[in-house]
Amino acid sequence: MFSDAAGRSIALVPLFAVDVLKRDNAMAVSMLEEFLLLTLEDAGGQFDTVPDIVLSCGVAGAVLMDLSLHGRIDSDLSAVWVVDQTPTGDAILDEVLAQVAAAPEKLDVGAWLRKLSITALGHRQTAVRRLCDRGILTQVDVGFQWVMQSRRYPVSHGSEMIEAKERLIGLILSDDIPTPHDCALVSLAAACHVFERIMAPNVFVGRRARISQLASLDLIGGRIATAAHVFTAELKKRERGAILAGMAGNVVEWYDFSIYGYFAIVVGPLFFPSTEVAVTLMATFGVFAVGLLGRPIGALLIGHVSDRMSRRQAVMLSVALMAIPSLLTGILPTYAQAGVLAPLGLLLMRFFQGIAVGGEYASSSVMLVESAMPSRRGFISSLSKASATIGLMIGSGMGALIMALLPALWGWRVAFIFGLLLSLMAFEIRRRLPHDETAAAAAKSRTTPVVEVFRDHWRTVLKMSGLVASAFIGAYLAGVYLVTWLTENTALGEPEILLINMLVLGVSLFLTPLFSALSDRVGRKPLLILGSLAAALFTVPLFMLMQGASAALVLVARLALTVLLACMNGGSTVYLVESFPRHLRTSGLAISLTIAAVLFGGTLPVIAVWLTAATGSVLAPAWYFVAAALLTAVLAIPMRNLDKRPDVS
């Protein structure tokens, strides 16, 4: 039943018959398939015109609308029910039809949207495969492109159906009467904010009333669209919780790892007594590197949980694995008390923390990117880095406070035990996340994630690992090792150095989101190349400026180095996440980051000490970072897809 804006009934049966005939004679493209095609860029590749949380709602709504158009279900404000159980011949529609028919009680439209959104990604995969089988799309690498130019459907039986975007835009810009199929599609696209992203802003604003008019003509579709609006609003509210949960674990991760670096000079002699300072430092930072060796296990374990079970379970597991080692590290006996068991215990604790860290950044980053609007993904994803900075700031502040107020002999223990409290807070925040089984639904009948990553996407893993090598070296150099370097090469005291470190981290807390938001406008690749080349040019002079300098000059140099790192890393999380299909995102990202972290990040303190001893130059660590920055620039220049990676399942 359809009505006009004034509520008068209008007859669209002849048009419906024409529409069905046209679709039968040309090529039957379902409501779901056309909705998905609306979210595909004109040049192909992208399936993220709308974010995943909205897309899942749209997929569920499209299936319900198509069943309604086929005369299989009906609805009112309170319930959806089956009026004809005859199969449609469409596997997706028939599966949902069976679910509605088998429901023990009638559910309203909103309840069905929530229920069907759990399996929406699986339905999306099936629909995309059908579009490929029909010659509408073709898969290229991990993306999809139109087989025919200009978003066209193939000719079938001498007829060609006009593609959805062209039809709907033409309908919106005219006063033509819509077919029921197009009327329902307009309702769904409007509810999922598709038109804001496929129309020019001034055109969308000028035709907003027409879109509302068309959406109001379909009563059943209108109810589904209204429920979709409500559900989308709920999802956006959940998005804030996802952002907070994503940030919480990174705070804990970087606090725990940084606090060990800050207290290296104190902890080293207690667990690795030696007459040679360099030997003690190398042994102490060697334990730091052992933590990174646990990352591959964490990448495989937590990545598997995220890609095959749910994002929520993965982030809860990672933060739980951080809590106990934090406590045990704080109460470990020293070498004088337990002999060789003391350093072995420290090694074991760092190893278990490394397992947790191995999947933490990847799982939280994927959660942030998937919850963000495409036009804001750079900014939203930067919150993972911002939260890491918060962790470094808390660690730096705690280090400065403890060194100023407590005896060094046991004050370091307080810092590690405080890490347990942070872990428990992060766990509670993540426990409150809504259950999400979409990853499990999308991963049905697939191989183990790590197998598929190395089998089908090993080139991507190598490229991404090389691309972020300088980011890891820069982060660990500026965030951890530089505290030790300044202690040895300036007259500044440790509390003063940690205070400067905390001030610089506070500035980076704002710089990182700023450059990431800029990447949403100018692209990820220009910032990456510009930042890498600038870092290669200015890092050594900045280290020379800090050598033996006053606190003011050290602060200026540290701030300049922070600007370079923020520019180089702006928006990097987005292209890392989008480089892998959804069902492999956490595993692919975690493996790439782990390779870079183990080879370049975690080994940085040991390599820096060794390079300094081997060359006799205190600038050796800076030159190491310069080489890594040049490597990033060389890898990034020929890469064409840093800004538009396909978002597929």
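One is the number of the first residue; the rest follow in order along the sequence. Computed from heavy atoms alone, side chains included, the values below leave out hydrogens, waters and symmetry copies.
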Quiz item: Given the rule in the side-chain hydrogen bond (donor to acceptor under 3.5 Å, both in side chains) test, do S532 and T632 qualify, once you have shown the distances and angles that lead to the verdict?
Solution: CA-CA 7 Å; S532 299; T632 296; 4.8 Å; no
With a 3.5 Å distance limit and no angle check, can you tell me whether [X] reaches the backbone of [Y] through a side-chain donor-acceptor pair?
X	Y	result
D307	P449	no
S306	G303	no
S365	A362	no
N569	T512	no
S516	P513	no
R430	V315	yes
S592	S465	no
T448	V451	no

Quiz item: Got a sec, which residues hit side chain to side chain contact (heavy atoms under 4.5 Å, CB included) with L116, two or more places apart in sequence or on another chain?
Solution: A60, L64, V96, Q99, W112
Exercise. Take L344 and L348, measure what side-chain contact (heavy atoms from CB on, under 4.5 Å) needs, and give me the verdict at the end.
Key: CA-CA 6 Å; L344 289 177; L348 189 62; over 6 Å; no
Are [X] and [Y] side-chain neighbours, meaning at least one heavy-atom pair lies under 4.5 Å?
X	Y	result
I591	F454	yes
I92	D66	no
F35	V194	yes
V59	L36	yes
T460	K463	no
V453	W458	no

Between atom [atom1] of [X] and atom [atom2] of [Y], what is the distance when rounded to the nearest 0.5 Å?
X	Y	atom1	atom2	result
Y481	L604	OH	CG	8.5 Å
M568	I529	CE	CD1	13.0 Å
R130	L137	CZ	CG	12.5 Å

Quiz item: Any idea how F472 and Y476 line up, ring-wise: parallel (<30°), tilted (30 to 60°), or perpendicular (>60°)?
Solution: parallel
Exercise. Kindly check if the number of other-residue, nucleotide or ligand heavy atoms within 6.0 Å of CD1 (I324) is above 12?
Key: no
Quiz item: What do the steps show when you test L593 against L576 for side-chain contact (heavy atoms from CB on, under 4.5 Å), and what is the final call?
Solution: CA-CA 9 Å; L593 294 176; L576 288 170; 4.1 Å; yes
Quiz item: How far apart are the C-alpha atoms of F144 and T138, what are their side-chain angles, what is the distance that settles it, and do they pass the side-chain contact (heavy atoms from CB on, under 4.5 Å) test?
Solution: CA-CA 6 Å; F144 295 90; T138 182; over 6 Å; no
Practice problem: Run the numbers on L301 and L317 for side-chain contact (heavy atoms from CB on, under 4.5 Å), then give the verdict. | Solution: CA-CA 10 Å; L301 173 64; L317 175 62; 4.2 Å; yes
Quiz item: Do we see a donor-acceptor contact under 3.5 Å between the side chains of H583 and E452?
Solution: yes
